[in-house]
Each structure stands twice: as C-alpha cells, then as structure tokens.
Amino acid sequence: MFRKILIANRGEIAVRIIRACRELGIKSAAVFSDVDRNSLHVRLADEAYPIGPAPSRESYLNLDKLMHVARRAGCDAVHPGYGFLAENPALPRACTDASLTFIGPPAEAMEALGSKTAGRSLARGVDVPTVPGTNEPIENPEEARALAQRMGYPVLLKAVAGGGGKGMRLVSNDEEFHSAFRDASSEAMNAFGNPSVFLEKYLEKPRHIEIQILADAHGRVVSLGERECSVQRRHQKVIEEAPSPIMTPELRKRMGDSAVRIARAGGYVNAGTVEFLVDAHYNYYFLEVNTRLQVEHPVTEQVTGLDLVKLQIAIAAGHRLPFAWESITPRGHAMELRLYAEDPENNFFPSPGKILSRRAPSGPGIRLDEGVYSGWTVPMDYDPLLAKLIAWGNSREETIARLRRALEEYTVTGIKTNAALFRRILVEPDFLRSEIHTKWLDEMLKRPLEGKNADSRAADVAAIAAALWHALRETAANTESSEKSSRWKIDGRDRQLDRTP
Amino acid sequence: MFRKILIANRGEIAVRIIRACRELGIKSAAVFSDVDRNSLHVRLADEAYPIGPAPSRESYLNLDKLMHVARRAGCDAVHPGYGFLAENPALPRACTDASLTFIGPPAEAMEALGSKTAGRSLARGVDVPTVPGTNEPIENPEEARALAQRMGYPVLLKAVAGGGGKGMRLVSNDEEFHSAFRDASSEAMNAFGNPSVFLEKYLEKPRHIEIQILADAHGRVVSLGERECSVQRRHQKVIEEAPSPIMTPELRKRMGDSAVRIARAGGYVNAGTVEFLVDAHYNYYFLEVNTRLQVEHPVTEQVTGLDLVKLQIAIAAGHRLPFAWESITPRGHAMELRLYAEDPENNFFPSPGKILSRRAPSGPGIRLDEGVYSGWTVPMDYDPLLAKLIAWGNSREETIARLRRALEEYTVTGIKTNAALFRRILVEPDFLRSEIHTKWLDEMLKRPLEGKNADSRAADVAAIAAALWHALRETAANTESSEKSSRWKIDGRDRQLDRTP
Amino acid sequence: MKYEVHIDGKKRVVELSRESEQWRVSLDGMTLDADAVEVTPNTFSILLEGESHEVRIAPMPDGSLTLHTGIAEYVAEVEDPRAWRGRRHGAMEVEGRQQITAPMPGKIVRILAKPGESVEIGQGLLVVEAMKMQNEIRSPKSGRVEKLFVKEGQAVNAGEVLAWVD
Amino acid sequence: MKYEVHIDGKKRVVELSRESEQWRVSLDGMTLDADAVEVTPNTFSILLEGESHEVRIAPMPDGSLTLHTGIAEYVAEVEDPRAWRGRRHGAMEVEGRQQITAPMPGKIVRILAKPGESVEIGQGLLVVEAMKMQNEIRSPKSGRVEKLFVKEGQAVNAGEVLAWVD
C-alpha cells in the first residue's frame with residue numbers, strides 16, 4: 001500500500017480523498033493556491049504545500065509545480081480528484097516519468113475513452129448505440145452549421161475535453177449557431193485548455209443515466225449499477241440518485257454490460273463512469289466516458305456500501321476486485337443535492353464571499369461532503385460547489401423526505417446558496433413521480449415561482465424580527481452613541497468568546 | 001397517522017424524534033425548562049412550550065405540566081424519548097386518560113417488564129436464565145448484607161427503577177456494603193424518584209449484549225438482532241456496536257428467541273431492548289428489559305437500514321410489522337461513541353459551560369446525532385451527553401478507522417469533552433481484538449496513560465502557537481494599551497461578522 | 001417601542017415592549033404571545049403563539065435588512081416613527097432608467113446589445129464570465145440601451161455599473 | 001520577538017519575525033519553515049516544514065494558555081523576556097499543602113474523611129453530586145486532612161476550596 005498520496009485538487013473532493021487516506025493509514029499531501037491557504041482541505045491534510053497564485057493555470061493545472069511538490073514531499077502516488085487535470089493524459093504520463101503511481105486510468109485509456117469523439121467511435125465498435133452527430137472535432141464552423149441544418153435543430157455543441165456542462169451550448173436554430181460556437185469553444189478553452197467542440201443531435205426529453213464501473217489491473221471489470229442525473233440546469237447536474245426510478249433489472253443488466261464492454265475495449269483500469277441518454281422508449285445511447293471519479297459518486301457508495309475512493313487506491317496498488325461484485329445489488333435509495341454558492345433569485349450568479357454562519361444538517365440517513373467552514377471566504381476563482389448533501393432511505397420517498405428535513409436544518413449566511421432551488425424541486429409533482437428529463441429543470445425554472453412567500457406566518461415573524469433587531473441595537477445605543485456602544489456590546493459578547501468559563 | 005406529537009424530552013433524543021416527525025410530515029411540539037430555552041430541540045421543533053424551572057422534578061418529570069401542554073397544543077400522541085418519564089407507567093396512564101396515544105409500551109407491560117425484579121421472575125417463567133440474586137427490592141439492608149456474604153463478593157446493588165448505571169454500586173466486601181447501599185438508593189431516589197435497590201451476583205468479565213425487539217399491536221414480535229455494549233465506565237455504556245464481534249448465527253437465534261419470549265410473556269408492544277450478560281463460555285443471563293428506545297438505537301439502524309423512531313410511531317398508530325423482518329440480517333458493522341461534556345483528565349467530572357467553537361465530523365459512513373451548537377451553554381442540570389458519533393463500515397476495522405478519522409475532525413472548545421478517552425480506546429489492542437468485558441474500561445483507566453504527549457512534533461507546534469498567540473495579541477497592543485486595542489481588534493473582526501459582503 | 005416595517009410589499013406596524021426577559025409583541029395592532037432570543041449573533045429564535053421560528057438577519061450596507069426564515073427570504077426596511085431619518089423604500093424604486101450593475105466580480109466576455117439598440121425585457125445585454133461560467137446579464141425592462149460603461153475583456157467589480165437601460 | 005514558553009514540563013525558546021504575510025520561526029535556536037494563520041478566532045492553522053497542524057487556544061484566567069492539538073492538550077505559560085511580569089510556573093507548584101477545590105458546581109452529599117484524619121493518595125475525601133451523578137473527590141497525596149471548608153448538603157461553586165490536605 002502507499003505511504004503518502006499527493007492530492008492534486010481542492011475543495012470538497014480533496015477533503016473526501018484526505019478522509020479515505022486517513023482511514024487507510026496513508027499520509028495525505030495537499031496543495032493550495034494563494035487564495036486557498038485557509039481552505040478546509042489544507043487544514044485537514046497531513047501535509048500541505050503552496051503551488052502558486054489563484055488562477056488554475058498557474059496552480060492546480062500546473063503539472064510541473066505538482067510534480068515538484070510530489071517529489072519534495074516524498075509521495076508515492078497521486079490522486080487527481082475530478083476536474084482540473086483529472087482527465088488530462090499528461091498527468092498519468094508525468095507520474096510514470098516521476099515513478100509515481102497515478103490513481104486513475106492509464107494515459108492510453110484516457111485518450112481512447114476520454115475525448116467524447118474517440119469514445120463514440122469506440123462504442124460503435126463494440127455495438128453500443130450512440131447519439132447521431134459529428135464524430136470529429138469541428139474544423140470548419142460553416143460546414144458544421146450546414147450539417148446541423150441537415151440533421152435538424154435543436155443540436156448540441158459540446159467540448160471534446162472535460163464535462164460538467166462547461167463548453168456546452170444548445171443551439172435551436174441557424175441564427176444562433178455561430179455565437180453559440182464561439183461561446184462554447186472559448187468556455188472550453190478556459191475550462192480545459194482545449195477549444196475543440198463537436199456537434200450532436202439533441203434528443204427530446206432524454207434521461208441522463210450513467211453506469212459506475214470498476215476495473216482492476218488484472219482484467220476484472222464490474223458494474224456497480226446506475227445513477228440517474230436527469231435533473232440538470234444548463235447541462236449541469238444538480239441532483240443525482242440511485243437507483244434510477246425507471247430502471248428494471250433487465251435494462252440495468254444490458255446497460256451494465258454495454259458499459260463493461262466499452263471499458264474493456266478501451267483497456268480501462270480503476271473507477272470510471274459511462275454516461276448514457278435514455279429516451280422515452282427505454283432506448284439508451286452512449287454519451288461519453290468520464291475517466292475519473294464523479295462528483296456524484298457518493299450516491300453509489302450509499303446504496304452499495306462501498307467506498308469508491310478507497311477502492312481507487314486499492315486498485316492503483318494492484319489489488320484484485322472480489323469476484324462477488326459482478327452481481328452487486330443496491331440497497332435502499334440514495335440522492336445527492338449539489339449545494340452551490342450561487343444566487344437562485346439572480347439567474348444563479350456565483351456568490352463568493354465570507355461564510356458568516358453555518359448550520360450543517362445531520363442525523364439518520366444524512367451524509368454531508370463539504371469543503372467549507374464558518375468564517376471561511378469562498379474564493380471567486382473556482383467552481384462554486386460548497387457541499388454535497390446526500391441522503392439514504394429505504395425508499396425514494398423516505399430519501400426525499402430526509403433531504404427536505406435536512407434542507408430545513410441547513411443554513412448558511414454571508415453568501416447566497418441554491419438551497420431554495422432544492423426546496424422547490426423536492427416538492428414538484430413531476431419530480432416526485434420522477435417524470436423528468438435533462439431539460440425538465442430549465443423548463444421548471446421558466447415557470448414563475450408562485451406563492452413563494454405564501455406562508456404569511458413567515459412574513460409576520462420576519463417583520464417582528466426586523467423590529468426586534470432594531471430595538472436591540474438601539475437599546476444598546478441609548479447608553480452611548482449607536483456606533484460606539486453597539487461595538488462595546490459586541491465587544492462584550494466577543495470577550496466572553498475569548499475565555500473559557 | 002398522527003397530526004402532532006408531544007416530545008416529552010430534551011437534548012439529542014428530542015432532536016432525533018423531531019427529525020423523524022418532520023420526515024413523516026407530523027408536527028412536533030417540544031417542551032423546555034427555563035435553562036433550555038435556547039436548546040437545539042426548541043429551535044428545530046415546529047412548536048415549543050415552557051414547562052418550568054431547571055430541576056427535572058419541576059419540568060421534564062412533571063406529568064401535569066406535560067399533559068397541560070399536550071392539551072393546549074392539540075397533540076394526539078406523546079413520545080417520551082429515554083430517561084425522564086420514559087419508563088414510568090404513570091405517563092402511558094395519563095395519556096390514556098387524556099385520550100392521547102403513548103408512543104411506547106402499555107403501562108401494564110412496563111410494570112411486568114420494567115422493574116428489574118419483576119422482569120427477572122418473568123424471564124424465569126419462560127425458561128430464560130437470569131443472574132442469581134435477590135428477586136425483591138431490599139427491605140432490610142442488614143439481611144441483604146448477610147445474603148451478599150453468603151453469595152460471596154463481589155455483588156452489585158442496582159436501582160429497581162431506571163438504568164444507565166445510575167443508582168448502581170459494585171460492592172467488593174462487607175465493609176463497603178452499607179455506604180454503597182446508601183449511595184445507590186439516594187442516587188436512585190434522585191434519578192428515578194424511587195429509592196429501592198436489589199442485590200445481584202457479580203459475574204466475572206461478562207460481556208453486555210442486548211437484543212433490540214419490535215412488537216406491533218397485532219401480536220407480531222421480531223428481533224432486530226443484537227448490540228454489544230461491553231465498553232462501560234462505572235456501568236455506564238460509552239461505546240456500543242452491532243453486530244457483536246463474538247456473535248454466531250446460532251447464538252443470535254437463541255438470544256433473539258429468548259428476548260421475543262420475554263416480550264410476549266410481558267404483553268410487550270412497540271420498541272424495546274432485552275439486556276443480557278454473556279460469560280466466557282457463551283452462556284447468557286437475562287439482565288433487564290428497557291421498555292423504551294435506547295440511547296444506542298442508531299447502531300441497529302445503521303446495520304438494518306430501519307428507522308426505529310419512525311417504526312415506534314407507526315406501531316403506535318396501529319400499523320403491522322412486515323412478516324419478512326422475522327429474518328432480518330444486519331449489513332456491515334456500526335459503532336457508536338457517546339460524547340459527554342466531562343473531563344477525562346479529571347475523573348470524568350461533568351464540564352458544563354458555553355461551547356465556544358465546534359467542528360462536526362462528516363463524510364462517508366459518519367452519522368452524528370447531537371443536541372448542541374456553537375454558542376450554546378450546556379446546562380449543569382441534566383445528563384451531560386453532547387452527541388453520539390456513529391460510524392458504519394463494511395467491517396469492524398473500517399468502522400473503527402472511520403471513527404478515528406471522525407474524532408480527528410471533531411473539535412469542541414469552551415468545555416471539556418471525553419473525546420480523548422475514545423482516541424485512547426480505539427487504539428487499545430484488547431479493544432481491537434474485542435477482548436473486552438463490562439469492567440474492561442474501568443481497568444484500562446487504572447493503567448497510567450503513557451506517552452500521551454509522545455508526539456514531540458505536537459509539543460513543538462503548541463509551543464510555537466503559544467508564542468504566536470502572544471505575538472499577535474501584543475502586536476495589536478503596540479498601537480494602544482493591550483487591554484483596549486485587543487478589544488478594538490476583536491471588535492473589528494466582529495463588526496465584519498455583522499455585515500454581509 | 002413602535003416600528004414601521006416595510007416588508008414583502010406591505011407596511012407592518014410592530015410594537016415591542018420588554019417584560020423581564022420576555023418581549024410583548026403587537027403586530028398591526030394585534031397582540032401576540034411571543035418569546036424571542038438571539039441564540040447566536042444575528043440569529044433569532046422566535047416562539048410566536050407556540051410556533052418555533054428562526055430568523056437569520058443580515059444588515060445591508062444601505063441600512064435595510066435581509067431576513068432568512070428557512071423557507072423564505074425577505075428584505076425589510078424599518079422606520080422608527082420617532083426618528084425621521086428618511087429612507088428609500090423598495091416600493092419606490094421602480095420604472096424610469098434602470099441601472100445595470102455587475103452582480104459579482106468577473107470579466108466582460110461579450111457585448112450583446114450596443115448603445116442605442118432597443119431591447120426587450122429579459123433580452124441579453126452582456127455576457128460576464130465568473131467562476132469559469134459564462135453568465136448572460138438580461139435587461140430588466142423593455143427599452144433602449146442608453147449607455148454602456150464597459151467593453152469586452154474588461155474586468156468588473158461587484159456592484160459596478162455596466163449599462164443604463166431606459 | 002523572542003519568547004520563553006513553559007510547556008509540557010520543558011522551557012522552549014521561540015523566536016518570531018514576520019516577513020510579509022509569513023512568519024519566520026525559530027524553536028530553541030533552530031530555524032523552521034513555518035506558515036501560521038488564525039483561521040477562526042483562537043484557532044491557528046500552522047504549516048510546519050510542510051506538516052499541517054491545527055491548534056486551538058483558550059486563554060485561562062490565570063494568564064496561562066490551554067492548547068489543543070487534535071491529539072494532545074497542553075498548558076503553556078509564555079514569558080516575554082523584555083517584560084518582567086513574574087508568573088508562577090506549573091513546575092513550581094508541587095508538594096506541601098494541597099488545596100482541594102470543587103471542579104464544578106454541585107452539592108456535597110457525603111464527607112468521607114474528617115479533619116485530622118490521615119489519608120492515602122487516591123483515597124476518597126468527599127462525594128459531590130452534579131448532573132445527577134455522584135462523584136468522589138480523591139486525595140492528590142498521602143497525608144492528613146488539615147482543614148475542611150464544607151459540610152454535607154452544602155452547595156459549592158466551581159473552584160471553591162473544599163479542603164486542605166497536608
């Protein structure tokens with residue numbers, strides 16, 4: 001087993017990996033950019049090293065600096081997390097050169113499966129259906145536009161590298177095509193350092209269902225079942241669940257087998273995810289392979305009881321997967337909500353800033369994977385994911401009930417979060433019946449939010465609280481000038497805080 | 001199903017029940033004594049009503065006040081939690097008179113099983129072995145002493161009512177007998193309002209293993225398997241786990257059947273626990289029945305996936321238990337640590353006071369059931385249980401690793417906690433091999449704690465931090481007088497806290 | 001103490017008087033059984049007729065208050081009739097020239113509407129990139145782009161004025 | 001700045017100098033690569049030669065500091081050699097008369113050793129009830145109960161002197 005693992009990432013996923021290392025008795029070495037010195041992953045890791053200024057290109061995407069730290073800290077393995085360099089073949093190659101073990105697939109498998117275009121042709125090769133579209137990166141936008149017209153709108157423009165909805169645009173007519181193309185490729189360039197995008201026919205109301213696979217270095221490839229991720233905002237997953245409400249054992253078997261075939265064909269090793277679109281008639285189409293750990297891996301962990309990060313490490317260390325897992329069955333139902341620092345009332349604009357207070361939900365069936373703490377300032381330089389709220393229950397209904405309950409307990413002040421979005425989704429009849437698709441949320445958000453403040457009691461209480469707040473602050477003021485005395489008041493409170501009783 | 005449930009309790013268990021109510025869509029009505037106005041259960045409940053001054057007798061043990069609140073709030077059911085009135089037949093009787101549903105066993109079953117002496121004779125009646133001792137409360141201490149001498153020391157004095165190690169004393173020789181008797185009965189009087197104690201032979205190195213049972217109102221009684229609670233300090237459980245490391249399917253079956261027979265014989269309904277002592281030869285002896293929800297119920301929930309509080313409510317509402325559960329099997333391994341506000345370095349004296357800061361552990365496999373928050377003052381009037389840290393893992397090893405990891409994340413300042421005790425236990429070879437018994441921890445605590453500060457690095461860091469603290473406070477001082485300016489400094493920090501960016 | 005609270009589009013009158021540790025509260029002339037405590041800085045636990053509510057309050061730079069009640073969020077302006085510090089009210093700032101400000105620090109990546117162009121409500125004005133996401137800033141009203149204060153590639157701070165729409 | 005830190009039974013010499021945002025640290029004359037931040041009030045994140053440590057500090061009424069480092073707890077007294085405010089050091093207060101104080105508020109339920117009685121180290125002196133648990137207070141040394149300041153049934157506060165053992 002490894003002695004020390006370099007975690008080439010930040011935020012909640014770095015914390016997640018640190019926890020796995022600690023439970024395995026492996027030392028963890030974190031890295032941090034200038035704005036991340038105070039971040040939770042730095043506080044929790046066994047070791048932490050600076051790697052430069054805030055911009056990702058000069059820190060978390062800087063291969064040389066990462067390798068330098070790995071050597072300096074005496075690491076023997078590297079875990080990339082997700083995003084940043086996780087799907088960049090240069091990282092596993094650099095690891096090999098530095099005789100470090102990369103905890104993920106070999107560079108070749110990344111190239112064979114990672115780029116969407118390569119993955120699609122490989123899938124066709126093993127008789128897995130794919131969505132019609134260009135098989136190659138778009139060289140000539142004008143030709144692409146013409147093809148789009150022939151296939152018929154709407155079409156999707158997608159970044160060849162990466163995922164997470166970045167560098168992706170839905171184009172519904174000829175006029176939009178070129179500006180959409182510009183946005184997509186510039187966003188792709190910024191996010192993945194690669195501007196190429198390709199074209200894909202847009203299916204009506206498809207569901208996004210993906211298969212989690214594990215492959216060891218000894219030829220065993222197993223499917224850990226599916227996750228449904230159809231609730232997306234602008235192609236960005238916001239809710240994931242397992243099992244999929246529409247799944248049948250027969251369909252699970254077929255999709256699992258397809259995923260395993262693709263992984264084998266690509267010579268895949270370690271944890272990976274094969275994404276599919278499923279249409280109204282339960283036809284499924286291969287979408288892409290994510291050659292890394294997924295943000296939403298916890299829902300699979302909750303229903304299988306397995307720890308995917310520990311398994312990634314074990315596989316990288318050459319361990320064999322137990323035979324039994326070829327027929328693993330999920331237990332109960334799990335669902336994940338992605339809590340972002342963004343303002344649902346203002347077009348979901350990112351809302352970085354200082355977290356003034358925070359109450360985390362807990363109790364039966366609740367798991368919180370987060371990378372923040374009260375008093376920490378969310379930097380504006382990175383993805384605004386604050387936390388993943390995960391619930392497990394015996395049924396989908398119980399799981400949803402637990403999430404609703406947990407959301408009532410979860411409070412963050414100082415920054416905006418999208419918690420209100422979930423309070424709304426989790427009572428939507430379509431969602432409760434699971435009559436959803438990848439555009440469902442965008443459509444829901446177009447509908448006006450009626451009766452948001454329906455609870456008149458809440459308004460009463462708010463009015464009283466507002467008056468009370470002034471009353472208290474002014475009472476303080478009566479002793480001296482408002483400014484001064486309220487300070488003294490606060491000061492008094494705070495002096496207590498500096499003492500133990 | 002019920003509309004509104006009165007929760008006749010406080011602290012973490014009240015919070016636990018509020019959560020279950022919320023997930024079931026049932027309103028929760030909390031009660032609070034004068035010192036509990038700011039407590040978490042009051043903040044989280046749908047409704048909350050004052051029931052008098054701090055002393056339990058005038059608040060949480062005051063039946064009239066509770067019934068008054070139940071009527072006033074329009075409740076249709078009452079959940080007693082554990083402790084306080086949970087095992088007092090007067091409560092179910094009062095509920096019946098007020099035509100409220102009591103969420104627990106009928107008064108008759110409580111009387112038949114609740115008192116240790118009654119329970120023992122009933123167990124003998126259905127051929128379940130019991131520990132030798134007096135079957136009746138002690139009338140004449142002198143006679144009891146004589147009997148103890150005949151049975152041979154050591155013997156145990158135990159309160160007839162209640163549990164949790166309160167009103168219990170180990171007597172190892174004749175001289176100690178009378179003072180131990182006085183302590184036990186006065187403690188019993190204080191804790192349960194009933195001074196009677198009885199005498200029991202003390203088994204050498206027994207393990208404490210208990211069976212969780214569920215009984216519906218239609219005659220079905222099922223066993224949900226065992227919990228091992230052998231790690232105790234002065235007869236008070238501090239760590240519980242499921243399954244028991246020494247359990248075999250065969251022994252589980254026999255103990256489960258015994259527990260079910262006792263429950264049937266006592267006409268038991270709802271959730272209950274049958275406690276046994278198990279000796280080195282796997283002989284088990286009936287100890288007592290806890291006619292209520294146990295503090296440690298979460299470990300059973302984690303391995304069965306069931307929500308015991310929701311099931312208690314369903315049973316009280318007349319629902320039937322599914323037949324399938326008569327053969328329920330645990331999955332993985334769960335363990336619970338009881339985190340108390342007490343000082344392990346000072347003979348575990350209770351340490352109430354204000355919680356200045358708090359970091360709660362989370363992530364895979366971790367569940368935290370707690371009743372506290374940062375800024376809250378732990379009152380000195382009640383049991384000092386702060387939180388229950390529960391972990392689930394695929395194996396006992398993984399579960400322990402997760403607890404160790406979570407303990408490193410868990411920090412509380414302002415009050416002392418017994419977290420250090422667990423950091424020590426979770427690395428003890430005996431514990432890891434599970435070679436433990438009910439006196440094991442007391443013996444371990446007698447051994448000197450060697451090399452506590454072995455990690456010299458930690459001492460270096462502490463030294464540096466201490467200097468740093470003075471440096472920072474003094475730097476502030478250089479501007480003005482130390483007193484004043486440090487205030488301004490703090491004040492500055494705090495004024496930020498009063499503003500959103 | 002008597003306060004006028006402008007909240008949720010209404011004007012509420014709140015009267016507060018302290019009795020020992022408890023507060024006596026009347027709302028729009030109706031007396032309520034209330035018990036309020038500041039459990040942690042700026043977080044109030046309020047028992048109103050037995051119902052347990054919690055409100056987190058954030059004072060805004062402009063003197064108004066943002067209130068979170070778990071299920072809803074409100075902005076309130078409070079006036080103490082005795083003190084006549086005139087304050088703008090949410091209700092008053094409507095119509096006329098709309099000032100478009102940057103909701104957060106970021107970079108202008110594309111201008112979608114030139115000065116003088118007429119725009120529909122909801123139509124995109126510019127694209128700001130922040131936290132690696134490109135976000136379109138839409139027009140709050142139908143009208144004409146009166147002035148544009150930024151150009152493509154320019155970095156902007158939160159609150160910085162980007163354009164006027166009239 | 002140079003400090004003498006009395007901690008863990010040793011005297012450590014810590015020199016601190018600030019370089020921009022970083023601290024230069026030398027411990028007992030040995031220079032270390034250190035980076036320290038107060039991440040939340042009284043909680044310091046310290047990167048020492050790359051190792052990430054966290055220390056929570058609580059100042060005590062007597063001027064000493066209690067320091068928690070996840071795995072261990074320390075009490076430290078810091079002296080700034082420039083300033084000569086003489087302070088007692090943990091190391092000095094040993095032997096002789098031991099003052100027995102109540103570790104927390106509670107009620108004396110039983111006296112186990114009368115004044116004049118000689119006691120062994122660890123022998124029970126009195127029983128205090130707090131939080132519904134009865135706790136025996138034991139003698140820190142072998143000797144004689146010199147004086148008893150409380151009687152049965154009496155309520156005591158934290159830190160209140162209960163007895164002297166000599």
Side-chain angles (χ1 to χ4, degrees), chain A residues 56 165-166 179 182-183 186-187 190-191 234 236 341-343 345-353 356-357 359 379-384 407-411 413-414 416 420 423 452-475 490 493-494, chain C residues 1-5 7-8 10 12-16 18 23 25 27-28 32 34 36 38 40-44 46 48 51 53-59 65-74 76-78 80 103-106 109-110 112 127-138:
Chain A
S56 310
K166 286 167 186 167
S179 73
R182 272 199 307 280
D183 289 357
S186 75
E187 211 174 271
N190 289 330
R234 301 149 139 216
Q236 174 105 37
E342 56 186 21
D343 182 0
E345 306 210 331
N346 185 8
N347 195 25
F348 293 91
F349 262 108
S351 163
L356 301 184
S357 74
R359 185 172 68 195
M380 63 162 286
D381 310 85
Y382 312 107
D383 183 88
L407 279 173
E408 289 191 47
E409 297 174 14
Y410 181 78
T411 66
T413 61
K416 307 273 190 180
R423 297 203 181 89
K452 163 204 163 196
N453 295 354
D455 181 346
S456 67
R457 209 37 154 177
D460 293 353
V461 173
I464 292 167
L468 206 55
W469 192 87
H470 275 263
L472 285 171
R473 300 305 182 252
E474 279 166 18
T475 321
I490 291 157
R493 185 196 306 138
D494 203 275
Chain C
M1 287 159 284
K2 186 172 184 176
Y3 298 90
E4 288 182 1
V5 182
I7 187 170
D8 201 20
K10 300 188 202 63
R12 316 295 300 269
V13 178
V14 182
E15 273 187 275
L16 300 173
R18 194 169 198 122
W23 287 91
V25 175
L27 180 64
D28 300 333
L32 297 168
E38 190 169 7
T40 62
N42 290 328
T43 297
F44 290 82
I46 298 178
L48 192 60
E51 285 176 23
H53 298 271
E54 201 151 300
V55 184
R56 281 162 299 284
I57 301 184
L65 299 174
T66 311
L67 302 103
H68 307 253
T69 69
I71 50 168
E73 181 176 334
Y74 300 89
E77 302 224 348
V78 180
D80 176 349
M104 65 151 314
V109 291
R110 249 152 32 79
L112 302 172
V127 180
V128 177
E129 175 168 304
M131 280 171 155
K132 305 254 158 301
M133 289 294 284
Q134 300 200 349
N135 304 282
E136 201 172 69
I137 298 186
R138 303 213 170 80

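Proteins get letters first, then strands, A, B, ... in listed order; numbering begins at 1 in each.
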Requested in this report: Report the C-alpha separation of C/Arg110 and A/Ser179 in whole Å, then their side-chain angles, then the decisive distance to 0.1 Å, and conclude whether the side-chain contact (heavy atoms from CB on, under 4.5 Å) test is met.
Outcome: CA-CA 10 Å; C/Arg110 249 152 32 79; A/Ser179 73; 4.1 Å; yes
Requested in this report: Decide yes or no on side-chain contact (heavy atoms from CB on, under 4.5 Å) for C/Ile137 and A/Phe349, but give the supporting numbers first.
Outcome: CA-CA 10 Å; C/Ile137 298 186; A/Phe349 262 108; 3.7 Å; yes
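Scanning both residues, A/Ala466 and C/Ile57, for their nearest heavy atoms gives N-CD1, 4.5 Å. Residue C/Val5 comes nearest to A/Ala467 through the heavy atom pair CG2-CB, 4.2 Å, listed as atom of the first residue, atom of the second, then distance. A/Ala459 approaches C/Tyr74 most closely through the heavy-atom pair N-OH, 3.3 Å. Across all non-hydrogen atoms, the minimal contact from C/Pro59 to A/Trp469 is CG-CZ2, 3.5 Å. In this structure, A/Leu468 and C/Ala36 approach most closely via the heavy-atom pair CD2-CB, 3.1 Å. Across every non-hydrogen atom of A/Ala462 and C/Leu67, the tightest pair is O-CD2, 3.4 Å.
Once rounded to the nearest 0.5 Å, the distance linking NE2 of C/His53 with CD1 of A/Ile464 reads 8.5 Å. To the nearest 0.5 Å, the span separating CG on A/Asn190 from CD on C/Glu129 amounts to 4.5 Å. From A/Arg359, atom CZ reaches atom OG1 of C/Thr40 across 9.0 Å, with rounding to the nearest 0.5 Å. Taking OG1 of A/Thr413 as the reference point, atom CG of C/Asn42 lies at 8.0 Å (rounded to 0.5 Å). Atom NZ of residue A/Lys416 and atom NE2 of residue C/His68 lie 6.0 Å apart, to the nearest 0.5 angstrom.
Heavy atoms closer than 4.5 Å to chain C are found nowhere in A/Asp343, neither backbone nor side chain. For chain C, no part of A/Ala420 is nearby; none of its heavy atoms comes within less than 4.5 Å. Heavy atoms closer than 4.5 Å to chain A are found nowhere in C/Glu15, neither backbone nor side chain.
Options C/Leu65, C/Ile7, C/Val14 differ in how many heavy-atom pairs under 4.5 Å they form with chain A, and the most are formed by C/Leu65.
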